[in-house]
There are 2 protein chains.
Amino acid sequence: MDAQTVESLAGFLKALGEVNRLSLVCQLCDCSTPQNAMCLCECCSVDSSGVSRHLKVLSKENIVSVEKRGRERSYSLNRSYVASQLRVLAQKIEETGMEEES
Amino acid sequence: MDAQTVESLAGFLKALGEVNRLSLVCQLCDCSTPQNAMCLCECCSVDSSGVSRHLKVLSKENIVSVEKRGRERSYSLNRSYVASQLRVLAQKIEETGMEEES
DNA sequence: TGCATATTTGCGCAAGTATGCAAATATAAA
DNA sequence: TTTATATTTGCATACTTGCGCAAATATGCA
């Protein structure tokens with residue numbers, strides 16, 4: 001895993017590794033339809049500007065997608081991308097560098 | 001997923017979401033035998049005290065295990081724990097709250 | 001056009017974090 | 001005991017980050 005990959009993966013994990021952002025992700029996770037920011041506001045103890053910033057971080061890391069809808073924005077979780085990123089890392093971590101055990 | 005779970009999961013991801021710490025984890029990942037801190041020092045651009053601190057964070061999150069060996073400490077990756085944590089999140093994220101799609 | 005609502009952005013602040021250096025500690029080996 | 005090596009810790013510093021507030025922006029609607 002080269003340096004650049006590590007760096008971008010770190011960015012991804014860092015985006016998820018903040019309580020309120022992870023709460024937002026979990027909230028989105030439980031919704032079957034896209035949500036706007038005002039609605040997401042309620043799940044974490046942050047005002048709307050804070051939520052806006054958190055969502056920006058998440059979308060920059062491709063964790064959520066945004067869709068403009070009139071004066072609102074609909075956010076939805078990029079489920080398969082996020083899950084696959086996590087699984088790739090899980091797999092990498094589980095396999096030994098040199099197959100010398102087992 | 002209750003608030004406490006989210007919080008501890010965030011801590012776990014945060015520990016992984018720092019470039020140098022993730023580099024250490026990757027380094028350990030590629031090693032089939034436990035490594036000491038001096039050796040791990042080489043894989044990231046941080047001096048030994050920094051590595052010591054990073055490893056402390058990682059072990060606090062149960063990402064690595066430490067074993068005292070004379071004046072050295074041997075660090076090894078808790079592969080199955082880390083992988084399972086990542087997979088649990090991946091699974092949670094992939095499943096819709098209400099089964100309304102597909 | 002004028003008002004209401006949703007979201008973003010500038011600003012400042014407080015807290016957290018990563019880092020290197022030097023000193024302290026621990027322990028093996030001479 | 002003395003010396004050398006590995007690791008930790010205190011300290012200062014620079015940087016980052018999360019936050020709320022207020023103002024700005026965008027857009028729908030009357």
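Lettering follows sequence order; numbering is per chain, from 1. All values derive from a computational prediction rather than experimental measurement.
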d(A:Leu40 CG, A:Asn20 CG) to nearest 0.5 Å is 12.0 Å

CZ of A:Arg79 to CD1 of A:Ile63: how many Å apart, nearest 0.5 Å?
-> 14.0 Å

Got a salt bridge between A:Arg53 and A:Asp47, using NZ or NE/NH1/NH2 to carboxylate O under 4.0 Å?
-> no

[X] has an atom [atom1]; how far is it from atom [atom2] of [N], in whole Å?
{"X": "A:Asn36", "N": "C:dA6", "atom1": "CG", "atom2": "C1'", "answer": "8 Å"}
{"X": "B:Leu24", "N": "C:dT19", "atom1": "CG", "atom2": "C1'", "answer": "14 Å"}
{"X": "A:Glu42", "N": "C:dA6", "atom1": "CD", "atom2": "P", "answer": "11 Å"}
{"X": "B:Glu18", "N": "C:dA18", "atom1": "CD", "atom2": "C1'", "answer": "7 Å"}

Any side-chain donor-acceptor pair under 3.5 Å between A:Asn78 and A:Ser65?
-> yes

Regarding the side chain of B:Arg21, the nearest nucleotide among C:dG20, C:dT9, C:dA18 is C:dA18

With a 4.0 angstrom cut-off to heavy atoms of chain B, pull out the first and last contacting nucleotide of DNA chain D, in 5'-to-3' order.
-> D:dA4 to D:dC11

Within the 4.0 Å heavy-atom criterion, would you say [X] contacts the bases, only the backbone, or no part of the nucleic acid?
{"X": "B:Ser74", "answer": "nothing"}
{"X": "A:Gly50", "answer": "nothing"}
{"X": "A:Val51", "answer": "nothing"}

For the hydrophobic clusters of this structure (ILVMFWY residues joined by side-chain heavy atoms under 4.5 Å, transitively), does one cluster hold both B:Leu13 and B:Tyr81?
-> yes

Is any side-chain heavy atom of [Y] closer than 4.5 Å to one of [X]?
{"X": "A:Arg21", "Y": "A:Val57", "value": "yes"}
{"X": "B:Ser52", "Y": "B:Leu55", "value": "no"}
{"X": "A:Val82", "Y": "B:Glu94", "value": "no"}
{"X": "B:Cys29", "Y": "A:Lys92", "value": "yes"}

Check DNA chain C against residues 53-64 of chain B and give the residues with a non-hydrogen atom under 4.0 Å, in numerical order.
-> B:Arg53, B:His54

For B:Ser48 and for A:Arg69, locate the closest nucleotide of DNA chain D by heavy-atom distance; then report the residue assigned to the nucleotide nearer the 5' terminus.
-> B:Ser48

